[in-house]
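Worksheet: one structure, shown below.
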Amino acid sequence: MLKQIVEVKDISKYFGTVAAVDHISFTVWPGEVLGLLGPNGAGKTTTIQLLLGLTTLTHGQIEILGMDIKTKRNEILQRVNFSSAYISLPSNLTVYENLVVFAKLYGIRHYRNKIMELLEFFDLLHILNSRTGMLSTGQMTRLNLTKSFINDPEIIFLDEPTASLDPEVASRVREKLKKIQIEKNVSMIYTSHNMNEVELMCNRVLFIANGKNVLEGTPKEIKEKSGSLEDVFISIARATNFQINNCKDERL
């Protein structure tokens with residue numbers, strides 16, 4: 001019987017009186033790529049942090065792989081992974097040394113073979129012994145992606161995975177991500193500000209703003225009802241900015 005990989009039930013996260021996430025609910029199914037979309041400050045990063053157990057819920061429940069993140073975080077993290085264009089790895093270690101650290105943290109057997117396979121897949125084999133601090137931004141982005149597949153995750157959280165890449169490299173990375181997703185039936189939660197990329201990668205999208213669910217559906221459904229994904233994104237961003245400016249005016 002098909003069962004959801006991720007089930008997010010009415011979650012909220014408050015910092016003081018500010019709701020970064022405000023009663024969001026959604027599911028992710030096996031092999032599905034869900035686009036988590038919204039303007040800066042919408043609550044996407046906080047939502048991913050909650051899914052990884054990096055910050056605690058104020059309200060609601062998160063189940064991943066049938067387990068509650070509050071009580072089974074360690075077991076969940078062994079079977080998921082995360083990549084972002086905005087995180088760094090220890091700069092004094094080589095590419096290979098960094099990957100060995102993560103492979104050992106995940107208890108990967110025959111980790112050298114796995115590392116070499118992934119480096120070749122992401123076109124990084126030639127920088128195997130380079131210091132991480134000497135890498136270009138694009139190389140660092142692909143190294144983070146390499147790291148995120150070291151444990152063959154069943155679900156992966158990808159936070160703007162191509163944001164720092166030029167169009168040609170970004171296209172190749174999307175092809176590689178799609179190849180892994182299809183061949184290994186990996187579920188993904190995918191954030192991006194590139195709506196063309198979202199259409200290429202995502203089976204379904206969820207727009208959030210001010211920490212709330214705004215719109216959900218397949219790219220095709222949303223385009224038929226509301227126009228292009230880019231038009232929808234711009235409309236939501238403008239409405240969000242309008243609300244923020246009104247709140248500021250009321251406080252003056």
Side-chain angles (χ1 to χ4, degrees), residues 2-8 26-36 44-55 62-89 95-96 98-124 140-163 172-192 197-198 200-204 206:
L2 189 66
K3 182 171 176 62
Q4 56 267 40
I5 295 290
V6 176
E7 186 171 12
V8 173
F26 62 87
T27 57
V28 182
W29 298 93
E32 182 180 36
V33 182
L34 175 70
L36 183 62
K44 304 185 299 295
T45 298
T46 302
T47 299
I48 289 176
Q49 289 174 342
L50 290 167
L51 289 165
L52 291 168
L54 297 175
T55 188
I62 294 172
E63 290 187 1
I64 299 177
L65 301 165
M67 296 179 283
D68 193 316
I69 191 67
K70 292 179 182 177
T71 58
K72 299 290 185 178
R73 181 173 181 258
N74 289 339
E75 292 92 330
I76 291 169
L77 292 184
Q78 285 294 316
R79 298 167 61 185
V80 308
N81 217 312
F82 167 73
S83 180
S84 172
Y86 306 110
I87 62 175
S88 59
L89 299 174
V95 167
Y96 180 74
N98 265 297
L99 293 174
V100 167
V101 169
F102 283 98
K104 289 188 175 182
L105 285 172
Y106 283 103
I108 307 301
R109 297 181 62 190
H110 310 299
Y111 60 81
R112 179 176 173 80
N113 292 340
K114 185 66 177 178
I115 289 170
M116 301 303 278
E117 172 192 329
L118 286 168
L119 286 173
E120 182 175 11
F121 185 79
F122 283 106
D123 303 320
L124 294 174
M140 191 66 201
T141 297
R142 284 181 286 143
L143 177 57
N144 271 309
L145 285 168
T146 302
K147 179 271 296 179
S148 68
F149 285 100
I150 200 80
N151 63 325
D152 289 319
E154 295 167 65
I155 180 164
I156 187 164
F157 306 100
L158 298 173
D159 186 16
E160 299 191 54
T162 66
R172 284 195 282 123
V173 166
R174 283 192 293 268
E175 289 174 4
K176 292 178 184 297
L177 290 175
K178 201 68 178 175
K179 180 179 174 65
I180 292 177
Q181 186 265 324
I182 291 170
E183 289 182 353
K184 299 195 175 185
N185 201 40
V186 181
S187 301
M188 298 179 177
I189 293 180
Y190 199 105
T191 79
S192 177
E197 177 169 285
V198 168
L200 288 169
M201 291 299 300
C202 299
N203 308 112
R204 187 164 51 93
L206 169 65

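- For the pair Asn151 and Phe102, the minimum side-chain heavy-atom distance is 4.5 Å or more.
- Residues meeting the side chain to side chain contact (heavy atoms under 4.5 Å, CB included) test with Asn185, sequence neighbours left out: Pro30.
- When side chains are defined from C-beta on, Val8 does not count as touching Val28, because their heavy atoms never get closer than 4.5 Å.
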Asp152 vs Lys114, test: salt bridge (Lys or Arg N to Asp or Glu O under 4.0 Å). Steps then yes/no. CA-CA 10 Å; Asp152 289 319; Lys114 185 66 177 178; 2.7 Å; yes

From CA spacing to verdict: side chain to side chain contact (heavy atoms under 4.5 Å, CB included), Val101, Lys147: CA-CA 10 Å; Val101 169; Lys147 179 271 296 179; over 6 Å; no

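- The closest donor-acceptor contact from the side chain of Ser148 to the backbone of Asn81 lies at 3.5 Å or more, if one exists at all.
- Between Asn144 and Ser84, the shortest heavy-atom contact is ND2-O, 3.6 Å.
- The local environment of CD in Glu75 is crowded, with over 12 non-hydrogen atoms from other residues, nucleotides or ligands closer than 6.0 Å.
- Between Ile189 and Phe26, the closest side-chain pair of non-hydrogen atoms falls below 4.5 Å.
- With respect to Phe121, the side chain to side chain contact (heavy atoms under 4.5 Å, CB included) criterion is satisfied by exactly one of Arg142, Lys179, Met116: Lys179.
- In this structure, Arg79 forms no cation-pi arrangement with Tyr106, as its terminal cationic atom is not both closer than 6.0 Å to the ring centre and no more than 45° off the ring axis.
- Atoms CD and CG, on Gln4 and Leu65 in that order, are 11.0 Å from each other to the nearest 0.5 Å.
- A side-chain donor-acceptor contact under 3.5 Å links Lys178 to the backbone of Met201.
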Run the numbers on Asp68 and Ile62 for side chain to side chain contact (heavy atoms under 4.5 Å, CB included), then give the verdict. CA-CA 6 Å; Asp68 193 316; Ile62 294 172; 5.8 Å; no

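- Between Leu105 atom CG and Gln78 atom CD the span is 9.0 Å, to the nearest 0.5 Å.
- Listed for the Gln181 side chain is a donor-acceptor partner under 3.5 Å among the backbone atoms of Gly31.
- Closest approach of Glu160 to Ala85, counting heavy atoms only: O-CB, 3.2 Å.
- How far CD1 of Ile155 is from CD of Glu32: 9.0 Å, rounded to the nearest 0.5 Å.
- By the side chain to side chain contact (heavy atoms under 4.5 Å, CB included) test, Leu52 is found to be paired with Ile48, Leu54, Leu77, Val80, Phe82, Phe157, residues two or more places apart in sequence or in another chain being considered.
- Here the CG atom belonging to Leu34 is positioned 13.0 Å from the CD1 atom belonging to Ile5, to the nearest 0.5 angstrom.
- Residues satisfying the salt bridge (charged side-chain N to carboxylate O under 4.0 Å, His left out) test with Lys176, not counting sequence neighbours, are Asp123.
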Show your working on side chain to side chain contact (heavy atoms under 4.5 Å, CB included) between Val6 and Thr27 and close with a plain yes or no. CA-CA 5 Å; Val6 176; Thr27 57; over 6 Å; no

Residues Phe149, Ile180; criterion side chain to side chain contact (heavy atoms under 4.5 Å, CB included); working and verdict: CA-CA 9 Å; Phe149 285 100; Ile180 292 177; 3.6 Å; yes

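- For Asp159 (side chain) and Thr191 (main-chain N/O), no donor-acceptor pair under 3.5 Å exists by modelled atom type.
- For Thr162, the side chain to side chain contact (heavy atoms under 4.5 Å, CB included) partners at least two apart in sequence or on another chain are Leu165, Ala170, Val173, Arg174, Tyr190, Glu197.
- One distance of note links OG of Ser83 with CG of Leu158; it measures 6.0 Å at 0.5 Å rounding.
- Annotation: side chain to side chain donor-acceptor pair (under 3.5 Å) contacts of Asn203 (sequence neighbours excluded): none.
- Contacts of Leu119 classified as side chain to side chain contact (heavy atoms under 4.5 Å, CB included), with partners at least two apart in sequence or in another chain: Val95, Leu99, Ile115, Leu124, Leu125, Leu128, Thr146.
- Using a 4.5 Å heavy-atom threshold, the side chains of Trp29 and Arg204 count as touching.
- Here the straight-line distance linking atom CD1 of Ile64 with atom CD1 of Ile76 works out to 5.0 Å at 0.5 Å rounding.
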